[in-house]
Amino acid sequence: MEQVATRDAYGQALKRLGEKYRDVVVLDGDLSKSTKTADFAGAFPDRFFNMGIAEQNMMTVAAGLAASGKVVFASSFAIFAVGRAFEQVRNSIAYGQMNVKVCATHAGVTVGEDGGSHQSVEDIAIMRAIPNMQVVVPADGPSTVQAVNAIYHEPGPFYLRLGRSKVPTIYTDEMDFKIGRAIKLREGKDVGILACGIMVAEALRAASALAAAGIEAAVLDVHTIKPLDREAVLQVARETGCLVTAEEHSVIGGLGGAVAELVSSEFPVPVEKLGIPDVFGQSGKPSELLAFYGLTSDKIVELARNAMGKKAHK
Amino acid sequence: MREINDQVTAELEKKAKILRREVIKMLGKAGSGHPGGSLSAADIMACLYFWEMKYDPQRPDWEERDRFVLSKGHVAPVLYAALAESGFFSGEKLASLRQLGSPLQGHPDLRKLPGVEASTGSLGQGFGWAVGMAMAAKLDRRDSRIYVLLGDGEMQEGIVWEAVMAANQYKLDNLTAIVDNNGMQIDGHLSEIMSVEPIAPKLKEFGWNTREIDGHHIPGILEALEEARNSKGKPFAIVAKTIKGKGCSFMENQVDWHGKAPSADQIDQALRELA
């Protein structure tokens, strides 16, 4: 299977966006080679501003550019874009409904060797809690390209969560990406697996494994965490009667939290949440860390069985 | 070029007095807000809105307009008074300051009120907005100028210095920062809490052109703004020495008047003094 890091797809998509639209302006905080905004910077040096190691100011400058009609893509690592600059993103970008796309790479534990200080495990929860902010977590290269195009065309603040490591390509380049519309990748009646980001590929693997054991699992790529595709999630809940969520993020407040908030009031079913269990990350190879924190298809299979065991009527 | 003469000065002094009177009335009606810093900035605001800046209240989105960002967003009342007096909206609206549903929020909200260029109030952030606006004007080769008003206490925020560096790096000579240097913050004098002095030399070291003025002397403010307009290759900072609560005897240089509203009797006295 082809492997592409979502940050690489982002860099390429941003450059193509810049070719098509003159109002695209890109900011980075001295990480352009890592976030891949360097691709855009090389092609359009006039519309790229390196704001130095000063993420907070980068976000307020982004708001000012947006107030002057620019569509601003501001990039850094997730830990800095969301953590360091939280209040600037909140008060200058989201509060003012500014047309700024906060595109953060190096989210989650697959940052790898840099360790826990640089592995953002709480960014989805933080961004999701901010009014006006929309949150997108693409699963692979093609869906990242589509997401970048989609958030350019949709006015208002976005948080796009991207990764450092290569991930399996699931979609074709022609895939149909719509903000707020989850993608049903597999039908099933026994359990619903809802995943985002790098865990979508694991969810598909888990569904294959479950199928071999005679269990039919539905798989939903919930690439937009906010606004959540309520209808798609509730439909899977109704069809299967139990859910597993899977994300490279804390079990608190991310996709699992969003799904649980919805189904607990609209159609209560057991929800097993796979994620990082309220701990910080650590140094290691990305693959080792995914195994260490149980972000694997095997674990999804285990939780799927657990969820099925908790169904009210088996 | 327009001539700065006694008539211009007298007219702007009159405008500043109108702004001060409106600030007192608004805060009295609202029962809360920030009079001290609103009054210290009134002369600067009068010079910007009634002399220096080009804008069209009938077309708040006019691309070629100059832009003003109130980075010290807590003195929103003086901004609202200037916008109403400029004709962006009816002066009757001023009475709704800080009330539920009012477009005159406790701190400026660009989505609620015409003429407000940035949602500010979290200190230091408006400065970055102004830097972004100045960058956009350069990109578009627009001849808009960007003005940002900062408090001296606000300069304790680290992000202010990030913005200072960025403006220098990108040679934003279309940007003028004005520091309302009244020397006080909520908890007391800056010198006792966290000194930011000397401000102008610091900014100069960061690559800015600077000028220190008396922030209540209208001709001096106008000359500094003219110098800033003609300055090329570097951003320009005007450090304006001011008196917190200026124009209202019992508020002048009183830390207590940073963030509380006057009583009915105090309003009467203030308005008599500002008649």
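This one's a predicted model, so the numbers in the text were calculated from it and none came from an experiment. To find a chain, count down the sequence lines: A is the first, B the second, and so on, and within it residues start at 1.
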Should we say atom [atom1] of [X] is surrounded by more than 12 heavy atoms from elsewhere, each under 6.0 Å from it?
{"X": "R84(A)", "atom1": "CZ", "result": "no"}
{"X": "K226(A)", "atom1": "NZ", "result": "yes"}
{"X": "E63(B)", "atom1": "CD", "result": "no"}
{"X": "Y21(A)", "atom1": "OH", "result": "yes"}
{"X": "R111(B)", "atom1": "CZ", "result": "yes"}
{"X": "K232(B)", "atom1": "NZ", "result": "yes"}

*asked:* Does anything in residues 140-168 of chain B form a ring-ring contact (aromatic ring centres under 6.0 Å, His included)? List the pairs, not counting sequence neighbours.
replied: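 As it turns out, the ring-ring contact (aromatic ring centres under 6.0 Å, His included) pairs with a partner in residues 140-168 of chain B, which skip direct neighbours, are W161(B)-F206(B).
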
*Non-hydrogen atoms of chain A under 4.5 Å away: do they reach the side chain of A130(B), the backbone, both or neither?*
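Neither part; nothing is under 4.5 Å.
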
*For Y170(B), is it the side chain, the backbone, both or neither that has a heavy atom under 4.5 Å from a heavy atom of chain A?*
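For Y170(B), side-chain heavy atoms alone lie under 4.5 Å from chain A.
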
*With only heavy atoms counted, which part of V72(A) is less than 4.5 Å from chain B, the side chain, the backbone, both or neither?*
neither

*Below 4.5 Å, heavy atoms only, C-beta onward: do R90(A) and S122(B) meet side chain to side chain?*
no

*If you round to the nearest 0.5 Å, how far is CZ of R142(B) from OG of S68(A)?*
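Here the interatomic distance stands at 5.5 Å.
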
*Separation between CG of D23(A) and CG of L139(B), rounded to the nearest 0.5 Å*: 11.0 Å

Using a heavy-atom distance cut-off of less than 4.5 Å, which residues of [range] contact chain B?
{"range": "residues 91-98 of chain A", "answer": "N91(A), S92(A), Y95(A), G96(A), Q97(A), M98(A)"}
{"range": "residues 104-137 of chain A", "answer": "none"}
{"range": "residues 32-62 of chain A", "answer": "D46(A), R47(A), F49(A), N50(A), M51(A), A54(A), E55(A), Q56(A), N57(A), T60(A), V61(A)"}

*Between chain A and each of M133(B), K138(B), Q169(B), count heavy-atom pairs under 4.5 Å; write down the option with the most.*
M133(B)

